[in-house]
S.K.: 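The structure is given below, and queries will be raised subsequently.
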Amino acid sequence: MLNFQSLFSVKNHGIHKIITILGIKIKFKSKKLMQKQRFEGIERDLRSQRRTIAQQKSMIDNLQEKILVQQETISNLQEKIDKKINNQQNKINNLTKQLNYKIQKYLPHEKYAEFLKDWYFEKTGKFLNLDNPQTFNEKIQWLKLNDSTSLKTRLADKYLVRDWVKEKIGEEYLIPLLGVWDNFDEIDFNTLPDKFVLKCNHGCGYNIIVTDKSKLDIDDARKKINTWMNEDFAFRNGLELHYHDIEHKIIAEKYIENSGNDLYDYKFWCFNGEVKYIQFLSERNTNGLKMAYYDSEWNKQEFITGHKLDEKILTKPENLDLYIKTVEKLVKDLSFVRADFYIVKNKLYFGELTFTPFSGCEKWTPKKYNLQFGQMIQLPTESRKLCEISQPR
(Lines give C-alpha, C1' and ligand atoms only; values in the text may rest on other atoms or scores of the structure.)
Protein backbone atom coordinates (compact mmCIF):
# COMPACT_ATOMS: atom_id res chain seq x y z
CA MET A 1 0.00 0.00 0.00
CA LEU A 2 1.33 3.32 -1.06
CA ASN A 3 2.07 5.83 1.68
CA PHE A 4 0.70 9.28 0.71
CA GLN A 5 3.47 11.03 2.56
CA SER A 6 5.95 9.10 0.50
CA LEU A 7 4.23 10.30 -2.64
CA PHE A 8 3.82 13.96 -1.64
CA SER A 9 5.62 16.01 0.96
CA VAL A 10 6.32 19.73 1.63
CA LYS A 11 9.37 21.08 3.45
CA ASN A 12 10.45 24.66 4.10
CA HIS A 13 14.15 25.49 3.87
CA GLY A 14 14.92 29.17 4.34
CA ILE A 15 13.36 31.05 1.53
CA HIS A 16 12.65 27.85 -0.39
CA LYS A 17 9.77 25.44 -0.24
CA ILE A 18 10.53 21.86 -1.44
CA ILE A 19 7.61 19.80 -2.67
CA THR A 20 8.21 16.06 -3.31
CA ILE A 21 5.83 14.34 -5.66
CA LEU A 22 6.47 10.67 -6.40
CA GLY A 23 10.05 11.13 -5.34
CA ILE A 24 10.53 14.18 -7.56
CA LYS A 25 11.65 17.26 -5.63
CA ILE A 26 10.40 20.64 -6.85
CA LYS A 27 11.96 23.75 -5.25
CA PHE A 28 9.87 26.98 -4.98
CA LYS A 29 10.65 30.35 -3.42
CA SER A 30 8.24 31.28 -0.63
CA LYS A 31 6.74 34.78 -1.25
CA LYS A 32 6.46 35.59 2.45
CA LEU A 33 9.91 34.31 3.08
CA MET A 34 11.20 36.29 0.11
CA GLN A 35 9.59 39.48 1.47
CA LYS A 36 11.03 38.80 4.89
CA GLN A 37 14.46 38.27 3.37
CA ARG A 38 14.11 41.43 1.30
CA PHE A 39 13.11 43.49 4.35
CA GLU A 40 15.97 42.02 6.33
CA GLY A 41 18.34 42.95 3.51
CA ILE A 42 16.95 46.47 3.31
CA GLU A 43 17.30 46.82 7.06
CA ARG A 44 20.91 45.65 6.85
CA ASP A 45 21.57 48.14 4.06
CA LEU A 46 19.96 50.95 6.06
CA ARG A 47 22.07 50.11 9.09
CA SER A 48 25.14 50.07 6.88
CA GLN A 49 24.18 53.38 5.28
CA ARG A 50 23.50 54.89 8.71
CA ARG A 51 26.96 53.83 9.82
CA THR A 52 28.46 55.25 6.63
CA ILE A 53 26.51 58.52 7.05
CA ALA A 54 27.56 58.73 10.69
CA GLN A 55 31.19 58.19 9.69
CA GLN A 56 30.94 60.77 6.91
CA LYS A 57 29.24 63.25 9.26
CA SER A 58 32.00 62.73 11.77
CA MET A 59 34.56 63.31 9.02
CA ILE A 60 32.71 66.46 7.88
CA ASP A 61 32.52 67.75 11.46
CA ASN A 62 36.25 67.16 11.85
CA LEU A 63 36.93 68.89 8.53
CA GLN A 64 34.71 71.83 9.47
CA GLU A 65 36.51 72.13 12.79
CA LYS A 66 39.84 72.07 11.00
CA ILE A 67 38.55 74.62 8.46
CA LEU A 68 37.36 76.92 11.28
CA VAL A 69 40.77 76.63 12.93
CA GLN A 70 42.45 77.36 9.60
CA GLN A 71 40.07 80.25 8.91
CA GLU A 72 40.82 81.71 12.32
CA THR A 73 44.52 81.29 11.63
CA ILE A 74 44.13 82.90 8.19
CA SER A 75 42.03 85.70 9.71
CA ASN A 76 44.68 86.34 12.35
CA LEU A 77 47.38 86.29 9.69
CA GLN A 78 45.34 88.62 7.47
CA GLU A 79 44.79 90.95 10.41
CA LYS A 80 48.52 90.99 11.10
CA ILE A 81 49.26 91.54 7.41
CA ASP A 82 46.70 94.37 7.18
CA LYS A 83 48.15 95.93 10.31
CA LYS A 84 51.66 95.78 8.89
CA ILE A 85 50.44 97.20 5.57
CA ASN A 86 48.64 100.03 7.38
CA ASN A 87 51.69 100.74 9.50
CA GLN A 88 53.89 100.80 6.41
CA GLN A 89 51.39 102.99 4.56
CA ASN A 90 51.25 105.38 7.52
CA LYS A 91 55.05 105.51 7.56
CA ILE A 92 55.08 106.20 3.83
CA ASN A 93 52.41 108.89 4.23
CA ASN A 94 54.32 110.50 7.09
CA LEU A 95 57.58 110.42 5.16
CA THR A 96 55.82 111.87 2.12
CA LYS A 97 54.31 114.66 4.25
CA GLN A 98 57.69 115.39 5.80
CA LEU A 99 59.34 115.47 2.40
CA ASN A 100 56.65 117.75 0.93
CA TYR A 101 56.91 119.98 3.99
CA LYS A 102 60.68 120.34 3.62
CA ILE A 103 60.38 120.94 -0.13
CA GLN A 104 57.90 123.76 0.46
CA LYS A 105 59.74 125.22 3.43
CA TYR A 106 63.10 125.56 1.69
CA LEU A 107 61.78 126.35 -1.77
CA PRO A 108 63.08 129.65 -3.22
CA HIS A 109 60.34 132.27 -3.50
CA GLU A 110 60.72 132.49 -7.26
CA LYS A 111 59.78 128.79 -7.47
CA TYR A 112 56.51 129.11 -5.54
CA ALA A 113 54.27 129.54 -8.60
CA GLU A 114 55.82 126.61 -10.42
CA PHE A 115 55.54 124.40 -7.34
CA LEU A 116 51.94 125.42 -6.75
CA LYS A 117 50.96 124.48 -10.31
CA ASP A 118 52.44 121.00 -9.87
CA TRP A 119 50.90 120.60 -6.40
CA TYR A 120 47.49 121.75 -7.63
CA PHE A 121 47.52 119.31 -10.54
CA GLU A 122 48.46 116.46 -8.19
CA LYS A 123 45.57 117.36 -5.85
CA THR A 124 42.85 118.15 -8.38
CA GLY A 125 43.95 116.69 -11.72
CA LYS A 126 43.53 120.15 -13.27
CA PHE A 127 45.96 122.70 -14.67
CA LEU A 128 46.25 125.89 -12.62
CA ASN A 129 45.74 129.16 -14.47
CA LEU A 130 47.51 131.82 -12.42
CA ASP A 131 47.55 134.37 -15.23
CA ASN A 132 43.77 134.53 -15.54
CA PRO A 133 42.18 132.58 -12.65
CA GLN A 134 38.43 132.07 -12.91
CA THR A 135 37.25 129.33 -10.57
CA PHE A 136 37.12 129.57 -6.80
CA ASN A 137 39.98 127.09 -6.39
CA GLU A 138 42.15 128.95 -8.91
CA LYS A 139 41.58 132.30 -7.26
CA ILE A 140 42.46 130.90 -3.83
CA GLN A 141 45.80 129.75 -5.28
CA TRP A 142 46.36 133.23 -6.74
CA LEU A 143 45.54 134.84 -3.41
CA LYS A 144 48.03 132.56 -1.62
CA LEU A 145 50.83 133.91 -3.77
CA ASN A 146 49.74 137.51 -4.17
CA ASP A 147 47.67 138.50 -1.16
CA SER A 148 49.16 136.88 1.94
CA THR A 149 48.98 140.14 3.86
CA SER A 150 49.94 140.92 7.43
CA LEU A 151 46.23 141.47 8.19
CA LYS A 152 45.43 137.94 7.08
CA THR A 153 48.29 136.68 9.24
CA ARG A 154 46.85 138.47 12.26
CA LEU A 155 43.31 137.22 11.60
CA ALA A 156 44.43 133.62 10.97
CA ASP A 157 46.15 133.66 14.38
CA LYS A 158 43.65 131.96 16.72
CA TYR A 159 45.00 133.97 19.64
CA LEU A 160 45.44 137.47 18.15
CA VAL A 161 42.15 137.32 16.24
CA ARG A 162 40.36 137.44 19.58
CA ASP A 163 41.30 141.13 19.88
CA TRP A 164 39.85 141.77 16.41
CA VAL A 165 36.59 140.04 17.36
CA LYS A 166 36.42 141.96 20.63
CA GLU A 167 37.02 145.25 18.80
CA LYS A 168 34.60 144.64 15.92
CA ILE A 169 31.60 142.82 17.47
CA GLY A 170 32.26 142.41 21.19
CA GLU A 171 33.90 140.05 23.66
CA GLU A 172 30.62 138.19 24.30
CA TYR A 173 31.07 136.33 21.01
CA LEU A 174 34.37 134.78 22.11
CA ILE A 175 34.64 131.30 23.61
CA PRO A 176 36.12 131.90 27.10
CA LEU A 177 39.91 131.60 27.14
CA LEU A 178 41.32 129.33 29.88
CA GLY A 179 45.02 129.89 29.28
CA VAL A 180 47.80 130.70 26.82
CA TRP A 181 51.35 129.29 26.89
CA ASP A 182 54.56 129.33 24.86
CA ASN A 183 55.33 125.63 25.40
CA PHE A 184 53.52 122.52 26.63
CA ASP A 185 55.39 122.11 29.93
CA GLU A 186 54.10 125.51 31.13
CA ILE A 187 50.54 124.13 31.26
CA ASP A 188 49.23 123.45 34.78
CA PHE A 189 46.49 120.91 34.11
CA ASN A 190 45.32 121.12 37.73
CA THR A 191 43.94 124.59 37.00
CA LEU A 192 41.93 123.45 33.98
CA PRO A 193 38.35 122.12 34.21
CA ASP A 194 37.37 118.52 33.41
CA LYS A 195 36.39 119.55 29.86
CA PHE A 196 38.35 121.91 27.62
CA VAL A 197 39.96 122.27 24.18
CA LEU A 198 43.70 122.58 23.65
CA LYS A 199 44.86 124.06 20.36
CA CYS A 200 47.81 125.68 18.66
CA ASN A 201 47.13 129.11 17.23
CA HIS A 202 49.12 128.93 14.00
CA GLY A 203 47.25 126.48 11.75
CA CYS A 204 44.25 124.20 11.24
CA GLY A 205 43.63 120.81 12.81
CA TYR A 206 45.97 121.47 15.73
CA ASN A 207 43.30 120.58 18.31
CA ILE A 208 42.95 118.21 21.25
CA ILE A 209 39.40 117.95 22.57
CA VAL A 210 39.31 116.89 26.21
CA THR A 211 35.95 115.66 27.54
CA ASP A 212 37.38 113.95 30.64
CA LYS A 213 40.64 115.32 32.01
CA SER A 214 41.23 112.20 34.10
CA LYS A 215 41.53 110.16 30.88
CA LEU A 216 43.86 112.57 29.07
CA ASP A 217 47.17 110.97 28.06
CA ILE A 218 49.53 113.81 28.97
CA ASP A 219 52.55 112.26 27.25
CA ASP A 220 50.65 111.71 24.01
CA ALA A 221 49.26 115.25 24.18
CA ARG A 222 52.77 116.63 24.77
CA LYS A 223 54.08 114.70 21.74
CA LYS A 224 51.33 116.04 19.47
CA ILE A 225 51.57 119.63 20.68
CA ASN A 226 55.37 119.70 20.45
CA THR A 227 55.20 118.35 16.89
CA TRP A 228 52.67 121.02 15.92
CA MET A 229 54.62 123.79 17.64
CA ASN A 230 57.67 122.93 15.53
CA GLU A 231 55.74 123.09 12.27
CA ASP A 232 55.28 126.13 10.06
CA PHE A 233 51.73 125.56 8.80
CA ALA A 234 52.41 127.80 5.80
CA PHE A 235 54.39 124.96 4.22
CA ARG A 236 52.29 122.02 5.31
CA ASN A 237 49.68 121.93 2.56
CA GLY A 238 50.24 123.99 -0.56
CA LEU A 239 51.86 127.27 0.52
CA GLU A 240 49.21 128.88 2.73
CA LEU A 241 51.70 131.69 3.24
CA HIS A 242 49.60 133.93 5.50
CA TYR A 243 50.26 131.48 8.37
CA HIS A 244 54.03 131.91 8.12
CA ASP A 245 54.63 134.85 10.46
CA ILE A 246 52.30 133.77 13.29
CA GLU A 247 54.08 133.52 16.63
CA HIS A 248 53.34 130.02 17.88
CA LYS A 249 51.23 129.72 21.03
CA ILE A 250 49.20 127.07 22.84
CA ILE A 251 45.74 128.11 24.01
CA ALA A 252 42.98 126.42 25.98
CA GLU A 253 39.33 127.32 25.50
CA LYS A 254 36.15 126.39 27.29
CA TYR A 255 34.49 123.22 25.97
CA ILE A 256 31.16 123.94 24.29
CA GLU A 257 28.67 121.56 22.69
CA ASN A 258 25.10 121.18 21.49
CA SER A 259 22.83 118.39 22.66
CA GLY A 260 23.79 114.79 21.92
CA ASN A 261 27.56 115.33 22.19
CA ASP A 262 27.55 117.26 18.92
CA LEU A 263 28.77 120.71 17.91
CA TYR A 264 27.08 122.56 15.08
CA ASP A 265 29.32 124.53 12.73
CA TYR A 266 27.93 127.53 10.87
CA LYS A 267 30.48 128.66 8.30
CA PHE A 268 29.54 132.00 6.73
CA TRP A 269 30.98 132.41 3.22
CA CYS A 270 31.57 136.13 2.85
CA PHE A 271 32.40 138.05 -0.32
CA ASN A 272 33.29 141.75 -0.10
CA GLY A 273 31.94 141.89 3.45
CA GLU A 274 28.59 140.28 2.57
CA VAL A 275 27.33 136.86 3.68
CA LYS A 276 26.30 134.91 0.56
CA TYR A 277 26.04 131.34 1.84
CA ILE A 278 26.07 129.46 5.14
CA GLN A 279 27.63 126.03 5.35
CA PHE A 280 26.10 123.91 8.12
CA LEU A 281 28.10 120.99 9.54
CA SER A 282 26.79 118.46 12.05
CA GLU A 283 27.25 114.91 13.41
CA ARG A 284 30.99 115.51 13.75
CA ASN A 285 31.20 113.33 16.87
CA THR A 286 28.38 110.88 16.12
CA ASN A 287 27.63 109.44 12.67
CA GLY A 288 30.32 111.10 10.59
CA LEU A 289 30.46 114.70 9.42
CA LYS A 290 27.57 115.86 7.21
CA MET A 291 27.04 119.19 5.47
CA ALA A 292 24.45 121.34 3.79
CA TYR A 293 24.58 124.82 2.25
CA TYR A 294 21.91 127.50 2.71
CA ASP A 295 21.71 130.98 1.25
CA SER A 296 21.32 134.06 3.44
CA GLU A 297 17.52 133.60 3.39
CA TRP A 298 17.97 130.01 4.60
CA ASN A 299 16.99 128.29 1.37
CA LYS A 300 18.76 124.94 1.09
CA GLN A 301 21.17 124.66 -1.85
CA GLU A 302 21.91 121.76 -4.16
CA PHE A 303 25.72 121.84 -3.95
CA ILE A 304 28.19 120.41 -1.45
CA THR A 305 31.96 120.57 -1.01
CA GLY A 306 33.55 117.32 -0.01
CA HIS A 307 31.51 115.94 2.85
CA LYS A 308 28.34 113.85 2.75
CA LEU A 309 25.11 115.77 2.18
CA ASP A 310 22.87 116.28 5.20
CA GLU A 311 19.51 115.24 3.73
CA LYS A 312 17.32 116.85 6.37
CA ILE A 313 16.24 120.47 6.06
CA LEU A 314 17.33 122.36 9.16
CA THR A 315 14.96 124.80 10.78
CA LYS A 316 16.04 128.37 10.20
CA PRO A 317 17.99 129.66 13.22
CA GLU A 318 15.82 131.93 15.32
CA ASN A 319 18.18 134.93 15.18
CA LEU A 320 19.69 134.35 11.74
CA ASP A 321 19.30 137.96 10.56
CA LEU A 322 21.12 139.21 13.66
CA TYR A 323 23.84 136.59 13.21
CA ILE A 324 24.40 137.65 9.58
CA LYS A 325 24.62 141.33 10.53
CA THR A 326 27.12 140.46 13.25
CA VAL A 327 29.28 138.40 10.89
CA GLU A 328 29.21 141.11 8.20
CA LYS A 329 30.32 143.66 10.77
CA LEU A 330 33.27 141.41 11.61
CA VAL A 331 34.41 140.81 8.00
CA LYS A 332 33.77 144.26 6.57
CA ASP A 333 36.32 145.24 3.87
CA LEU A 334 37.65 141.67 3.43
CA SER A 335 37.39 140.51 -0.22
CA PHE A 336 36.82 136.89 0.73
CA VAL A 337 36.79 135.00 4.00
CA ARG A 338 34.92 132.11 5.52
CA ALA A 339 33.86 133.10 9.02
CA ASP A 340 33.35 130.02 11.20
CA PHE A 341 30.95 130.22 14.14
CA TYR A 342 29.07 127.93 16.51
CA ILE A 343 25.52 128.40 17.76
CA VAL A 344 24.85 126.95 21.20
CA LYS A 345 21.49 127.62 22.87
CA ASN A 346 20.81 130.49 20.44
CA LYS A 347 24.13 132.12 21.33
CA LEU A 348 26.69 132.83 18.62
CA TYR A 349 30.33 131.89 19.34
CA PHE A 350 33.29 132.79 17.13
CA GLY A 351 35.45 129.93 15.87
CA GLU A 352 38.00 131.21 13.34
CA LEU A 353 38.50 133.08 10.07
CA THR A 354 39.55 130.95 7.09
CA PHE A 355 41.05 132.57 3.98
CA THR A 356 42.03 129.41 2.08
CA PRO A 357 39.31 126.74 2.62
CA PHE A 358 40.72 123.27 1.98
CA SER A 359 43.83 125.08 0.70
CA GLY A 360 41.97 125.93 -2.50
CA CYS A 361 41.22 122.32 -3.49
CA GLU A 362 37.53 122.17 -2.61
CA LYS A 363 35.63 119.30 -4.25
CA TRP A 364 32.58 121.03 -5.71
CA THR A 365 29.47 118.99 -6.51
CA PRO A 366 28.06 119.98 -8.99
CA LYS A 367 31.32 121.27 -10.46
CA LYS A 368 29.73 124.44 -11.92
CA TYR A 369 29.72 126.02 -8.44
CA ASN A 370 33.51 126.14 -8.48
CA LEU A 371 33.19 128.75 -11.24
CA GLN A 372 30.14 130.42 -9.70
CA PHE A 373 31.89 130.97 -6.38
CA GLY A 374 35.02 132.08 -8.22
CA GLN A 375 33.12 134.87 -9.97
CA MET A 376 32.18 136.32 -6.58
CA ILE A 377 35.83 136.84 -5.58
CA GLN A 378 37.25 140.19 -6.69
CA LEU A 379 41.02 139.94 -6.81
CA PRO A 380 42.93 142.94 -5.48
CA THR A 381 44.61 145.13 -8.09
CA GLU A 382 47.77 145.40 -6.00
CA SER A 383 49.42 142.18 -4.88
CA ARG A 384 51.95 141.50 -2.18
CA LYS A 385 55.37 140.67 -3.55
CA LEU A 386 56.78 137.27 -2.64
CA CYS A 387 60.07 138.85 -1.55
CA GLU A 388 58.20 140.44 1.37
CA ILE A 389 57.70 137.01 2.94
CA SER A 390 60.37 136.44 5.58
CA GLN A 391 62.74 133.50 5.33
CA PRO A 392 61.57 130.22 6.97
CA ARG A 393 62.38 129.84 10.62
Side-chain angles (χ1 to χ4, degrees), residues 90 155-166 169-231 233 243 246-268 279-291 307 310 314 317-319 323 326-327 330 339-354:
N90 288 335
L155 300 186
D157 184 327
K158 291 178 173 58
Y159 178 57
L160 293 184
V161 72
R162 296 175 64 89
D163 290 334
W164 175 276
V165 174
K166 182 179 178 180
I169 59 176
E171 190 174 11
E172 64 270 23
Y173 293 98
L174 292 170
I175 298 174
L177 186 68
L178 303 176
V180 55
W181 307 273
D182 291 322
N183 64 72
F184 186 87
D185 291 325
E186 292 179 359
I187 303 173
D188 183 357
F189 285 94
N190 293 324
T191 64
L192 295 175
D194 289 334
K195 294 183 178 183
F196 57 92
V197 178
L198 271 183
K199 58 177 68 173
C200 295
N201 68 320
H202 63 286
C204 297
Y206 292 157
N207 307 316
I208 297 177
I209 299 172
V210 181
T211 57
D212 184 347
K213 187 171 65 174
S214 66
K215 296 180 180 179
L216 175 63
D217 186 332
I218 300 293
D219 290 334
D220 183 64
R222 178 186 290 105
K223 183 179 180 180
K224 288 179 180 177
I225 294 288
N226 287 343
T227 298
W228 297 336
M229 289 290 280
N230 288 320
E231 282 186 345
F233 193 80
Y243 286 103
I246 296 176
E247 183 181 355
H248 298 187
K249 300 280 185 181
I250 306 166
I251 61 176
E253 292 179 343
K254 180 182 177 181
Y255 178 85
I256 61 173
E257 66 177 344
N258 300 103
S259 60
N261 191 33
D262 202 356
L263 185 61
Y264 303 148
D265 274 346
Y266 294 80
K267 299 181 183 295
F268 296 82
Q279 179 184 6
F280 174 72
L281 298 174
S282 65
E283 301 187 41
R284 183 187 303 275
N285 302 321
T286 52
N287 300 319
L289 195 61
K290 293 181 181 179
M291 72 155 52
H307 297 291
D310 189 344
L314 188 71
E318 184 177 339
N319 299 315
Y323 298 155
T326 302
V327 172
L330 178 68
D340 301 349
F341 282 80
Y342 308 105
I343 298 177
V344 179
K345 296 180 180 178
N346 291 325
K347 181 172 174 53
L348 193 66
Y349 287 101
F350 173 77
E352 63 181 313
L353 294 178
T354 302

S.K.: Got a second to check how far Asp185's CG is from Ile250's CD1, nearest 0.5 Å?
M.R.: 8.5 Å
S.K.: I need the single residue from Asp340, Val327, Leu330, Thr326 that forms a side-chain contact (heavy atoms from CB on, under 4.5 Å) with Phe268. Which is it?
M.R.: Val327
S.K.: Flag the pair Ile208 / Trp228 as yes when at least one side-chain heavy-atom distance between them is below 4.5 Å, and no otherwise.
M.R.: yes
S.K.: Please assess Tyr266 against Phe280 for the test ring pair (Phe, Tyr, Trp, His ring centres under 6.0 Å), listing each intermediate value before the final yes or no.
M.R.: CA-CA 5 Å; Tyr266 294 80; Phe280 174 72; 5.1 Å; yes
S.K.: Please report the C-alpha distance between Tyr255 and Leu178 in whole Å, then the side-chain angles of each, then the deciding distance to 0.1 Å, and finally whether the side chain to side chain contact (heavy atoms under 4.5 Å, CB included) criterion is met.
M.R.: CA-CA 10 Å; Tyr255 178 85; Leu178 303 176; over 6 Å; no
S.K.: To the nearest 0.5 Å, what is the distance between CZ (Phe184) and CG (Asp219)?
M.R.: 8.0 Å
S.K.: For the NZ atom on Lys213, are there more than 12 heavy atoms of other groups (residues, nucleotides or ligands in this structure) within a distance under 6.0 Å?
M.R.: yes
S.K.: Just so I know, are the side chains of Arg222 and Ile218 near enough to count as touching, which here means a heavy-atom distance under 4.5 Å?
M.R.: yes
S.K.: Between Phe350 and Phe341 (judged by ring centroids, cut-off 6.0 Å), do the two rings come close enough to count as a pair?
M.R.: yes
S.K.: How close do Ile175 and Lys254 get, counting heavy atoms only, and between which atoms?
M.R.: CG2-O, 3.4 Å
S.K.: Closest approach of Phe233 and Gly203, non-hydrogen atoms and distance?
M.R.: CG-CA, 3.6 Å
S.K.: Atom CZ of Phe196 and atom OG1 of Thr191: how far apart are they, to the nearest 0.5 Å?
M.R.: 9.0 Å
S.K.: I'd like to know if Glu253 and Arg162 make a salt bridge, using a cut-off of under 4.0 Å between side-chain N and carboxylate O.
M.R.: yes
S.K.: Check whether any side-chain heavy atom of Leu160 lies under 4.5 Å from a side-chain heavy atom of Asn201, and answer yes or no.
M.R.: no
S.K.: Using ring centroids (six-membered ring only for Trp), state whether Tyr173 and Tyr349 fall under 6.0 Å.
M.R.: no
S.K.: Hey, could you give me the CG/CG distance between Asp157 and Leu353, rounded to the nearest 0.5 Å?
M.R.: 11.0 Å
S.K.: Do any N or O atoms from the side chain of His248 and from the backbone of Met229 form a donor-acceptor pair under 3.5 angstrom?
M.R.: yes
S.K.: Does a side-chain heavy-atom distance below 4.5 Å link Leu198 with Ile187?
M.R.: yes
S.K.: Set out, in order, the CA-CA distance, both residues' side-chain angles and the distance that settles side chain to side chain contact (heavy atoms under 4.5 Å, CB included) for Ile246 and Tyr159, then state yes or no.
M.R.: CA-CA 10 Å; Ile246 296 176; Tyr159 178 57; over 6 Å; no
S.K.: For residues Asp194 and Ser214, determine if any side-chain heavy atom of one lies less than 4.5 Å from a side-chain heavy atom of the other.
M.R.: no
S.K.: Apply the test salt bridge (charged side-chain N to carboxylate O under 4.0 Å, His left out) to residues Lys224 and Asp220: give CA-CA distance (whole Å), side-chain angles for both, the deciding distance (0.1 Å), then the verdict.
M.R.: CA-CA 6 Å; Lys224 288 179 180 177; Asp220 183 64; 3.5 Å; yes
S.K.: Testing the basics here: between Ala156 and Tyr243, what is the closest heavy-atom pair and its distance to 0.1 Å?
M.R.: CB-CE2, 3.8 Å
S.K.: Taking the side chain as every heavy atom from C-beta outward, state whether Trp181 and Asp188 have any atom pair closer than 4.5 Å.
M.R.: no
S.K.: Run the salt-bridge test on Lys249 and Asp182 with the 4.0 Å N-O cut-off and return the result as yes or no.
M.R.: yes
S.K.: Any chance you could measure Ile209, atom CD1, to Leu216, atom CG, to the nearest 0.5 Å?
M.R.: 12.5 Å
S.K.: For the side chain of Lys347 and the backbone of Glu172, is there at least one donor-acceptor N/O pair under 3.5 Å apart?
M.R.: yes
S.K.: Just so I know, are the side chains of Glu231 and Cys200 near enough to count as touching, which here means a heavy-atom distance under 4.5 Å?
M.R.: no
S.K.: Would Lys158 and Tyr206 count as a side chain to side chain contact (heavy atoms under 4.5 Å, CB included) if you check the C-alpha gap in whole Å, the side-chain angles of each, and the deciding distance to 0.1 Å?
M.R.: CA-CA 11 Å; Lys158 291 178 173 58; Tyr206 292 157; over 6 Å; no
S.K.: Between Leu177 and Ala252, which heavy-atom pair has the shortest distance, and what is it?
M.R.: CD1-O, 3.5 Å
S.K.: List the steps, then state whether side chain to side chain contact (heavy atoms under 4.5 Å, CB included) holds for Leu281 with Lys267.
M.R.: CA-CA 8 Å; Leu281 298 174; Lys267 299 181 183 295; 3.2 Å; yes
